[in-house]
> 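Submitted below is the structure of interest, expressed as structure tokens.
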Protein chains: 2
Amino acid sequence: MFQVDPVSRVPIYEQLINNVIRLTAAGVLKPGDRLPPVRTLASEAGVNPNTVAKAYRDLEARGFICSVVGKGSFIHPELTANATLKREAAQTFREACLSARNSGLTGTELKTIVDDICKGG
Amino acid sequence: MFQVDPVSRVPIYEQLINNVIRLTAAGVLKPGDRLPPVRTLASEAGVNPNTVAKAYRDLEARGFICSVVGKGSFIHPELTANATLKREAAQTFREACLSARNSGLTGTELKTIVDDICKGG
DNA sequence: ATTAATGTATTAAATGAATTAATACAAATA
DNA sequence: TATTTGTATTAATTCATTTAATACATTAAT
């Protein structure tokens, strides 16, 4: 269920994060579902428990899961993964806009670029 | 003329790059002006010649200066620094648009964000 | 209460990319 | 031909990221 490539240059904890998000977006994991305990997943994937813990912490900070000591980690009850990803992407794009503005690009110029790339989407 | 903070966490070669761009944008350095030789600037700034060389190579790749062995390094004859910076910023923004699109944001949504941030600029 | 299962926190080791340095090379000019 | 210049190659260093080792804290089950 959780596949990890220890050789990949993409960090293990990031692979784990992507796994959870992908499984959630695909509907395999549903809101409220329980994730494997840190130690269990670590042992199955052959990685250190802390690596899994870091992935879980990250997922919680991003609102994908809820973790509580003694109980476990669960897909966030009111989560739609794609909406969350979209929200994150919007935030990133906002920062890109600010940065572009600081470099002297006007709002009109930015919209021209958006149009050019999206060809009326 | 060229100030470097060896303690700063921003790399020395980057500080040098910023110095050149800033001086050019401010009109202190004009197209055709000669920059200090690699070794001269290195000795003045108290850094390794290669660090200056890297900054110069970078500036040349970005079109800010022209370097030729035996002659020296010069502010690009047809340069307007701000235009170059703007061009670079536009390219970065294009990539941000593509990335946002890949995350499911539509062109309309992107333009809304641009509007929101630029408040009609 | 006690024990076991769980996530969390702290610290240290390992990894790897980015940065800087040492040195030698190549081209242009005087 | 000697000097000045930028370039190239390689190695050392630095530093943030990643992973690991270990101990702690909270919850639930018995």
Side-chain angles (χ1 to χ4, degrees), chain A residues 1-21 24 29 32-77 79, chain B residues 1-21 24 29 32-77 79:
Chain A
M1 188 151 179
F2 292 86
Q3 293 173 350
V4 166
D5 175 8
V7 179
S8 165
R9 73 286 178 204
V10 31
I12 295 172
Y13 81 92
E14 213 170 300
Q15 296 183 44
L16 294 171
I17 289 172
N18 292 338
N19 271 317
V20 173
I21 293 180
T24 307
L29 290 174
D33 281 359
R34 190 187 185 197
L35 293 169
V38 164
R39 291 166 182 77
T40 304
L41 178 47
S43 132
E44 281 177 7
V47 304
N48 190 283
N50 288 298
T51 306
V52 178
K54 173 164 188 177
Y56 279 13
R57 256 181 282 124
D58 225 279
L59 284 164
E60 172 153 57
R62 295 170 67 185
F64 284 100
I65 73 174
C66 292
S67 294
V68 22
V69 178
K71 278 189 70 180
S73 294
F74 307 84
I75 304 296
H76 191 101
L79 171 77
Chain B
M1 189 152 179
F2 293 86
Q3 294 173 349
V4 166
D5 174 8
V7 180
S8 165
R9 73 285 178 204
V10 31
I12 295 173
Y13 81 92
E14 212 170 301
Q15 295 183 46
L16 294 171
I17 289 173
N18 292 338
N19 271 318
V20 172
I21 293 180
T24 308
L29 290 174
D33 281 0
R34 190 186 184 198
L35 293 168
V38 164
R39 290 166 183 77
T40 305
L41 177 47
S43 131
E44 280 176 7
V47 304
N48 189 283
N50 288 298
T51 306
V52 178
K54 173 164 188 177
Y56 278 13
R57 256 182 280 125
D58 225 278
L59 283 164
E60 172 153 56
R62 294 170 67 186
F64 284 101
I65 72 173
C66 292
S67 295
V68 22
V69 178
K71 277 188 69 179
S73 295
F74 307 84
I75 303 296
H76 191 99
L79 170 78

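The structure displayed is predicted, hence computed values, not measured ones. In what follows, every chain begins at residue 1, and chains take the letters A, B, ... in the order their sequences are listed.
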> For B:L59 and B:I17, work out which heavy atoms get closest and say how close.
CD2-CG2, 3.9 Å
> Give a yes/no on whether any side-chain N or O of B:Y13 is located under 4.0 angstrom from OP1 or OP2 of C:dT19.
yes
> State, to 0.1 Å, how close B:A45 and B:V4 come at their nearest heavy-atom pair, and which atoms those are.
CB-CG2, 4.3 Å
> Output the single nucleotide from D:dC24, C:dT19, D:dT19 whose closest atom is nearest the side chain of A:K54.
D:dT19
> So, for A:L16 and A:A55, which heavy atoms are closest and what is the spacing to 0.1 Å?
CB-CB, 3.9 Å
> Can you tell me the distance, in whole Å, between the CG atom of A:D58 and the C1' atom of D:dT18?
13 Å
> In Å and rounded to the nearest 0.5 Å, what is the CG to CZ distance from B:L35 to B:F2?
5.5 Å
> Nearest to the side chain of A:T51, heavy atoms from C-beta on, is which of D:dT18, D:dA20, D:dT5?
D:dA20
> Any idea which heavy atoms bring B:V7 and B:D5 closest together, and the distance?
N-OD1, 2.9 Å
> Round to the nearest Å and state the distance from A:I65 atom CD1 to C:dT6 atom C1'.
13 Å
> Starting the side chain at C-beta, find the nucleotide from D:dT7, D:dA21, D:dC24 nearest to A:R39.
D:dC24
> Distance from B:H76 atom NE2 to B:R62 atom CZ, nearest 0.5 Å?
14.5 Å
> Distances under 3.5 Å only, N/O to N/O: pair up the protein atoms with those of nucleotides 9-17 of chain C.
{"from": "C:dA9", "atom 1": "N6", "to": "A:N50", "atom 2": "OD1", "distance (Å)": "2.7"}

> Could you state the CG-P distance from A:L59 to C:dT8, rounded to the nearest angstrom?
11 Å
> Under 4.0 Å, heavy atom to any atom of DNA chain D: which of residues 67-74 of chain B qualify?
B:S67, B:V68, B:V69, B:G70, B:G72, B:S73
> Please state how far atom CG in B:N48 lies from atom P in D:dT10, giving the value in whole angstrom units.
17 Å
> Report the distance from atom CG of A:L41 to atom C1' of C:dT6, rounded to the nearest whole Å.
14 Å
> Closest heavy-atom contact between A:P36 and A:Y56?
O-OH, 2.6 Å
> Might you point out which heavy atoms bring A:C66 and A:E60 nearest each other, and give the distance in Å?
CA-OE2, 3.6 Å
> If you check the B:P37 side chain, which of D:dA20, D:dT5, D:dC24 turns out closest?
D:dT5
> Both B:E60 and A:G46 contact DNA chain D. Taking the nearest nucleotide for each, which residue is further toward the 5' end?
B:E60
> Return the nearest nucleotide to the side chain of B:P11; candidates are D:dG6, D:dT18, C:dT20.
C:dT20
> Return the set of residues passing side chain to side chain donor-acceptor pair (under 3.5 Å) with B:S67 (not counting sequence neighbours), or none when no residue passes.
B:S73
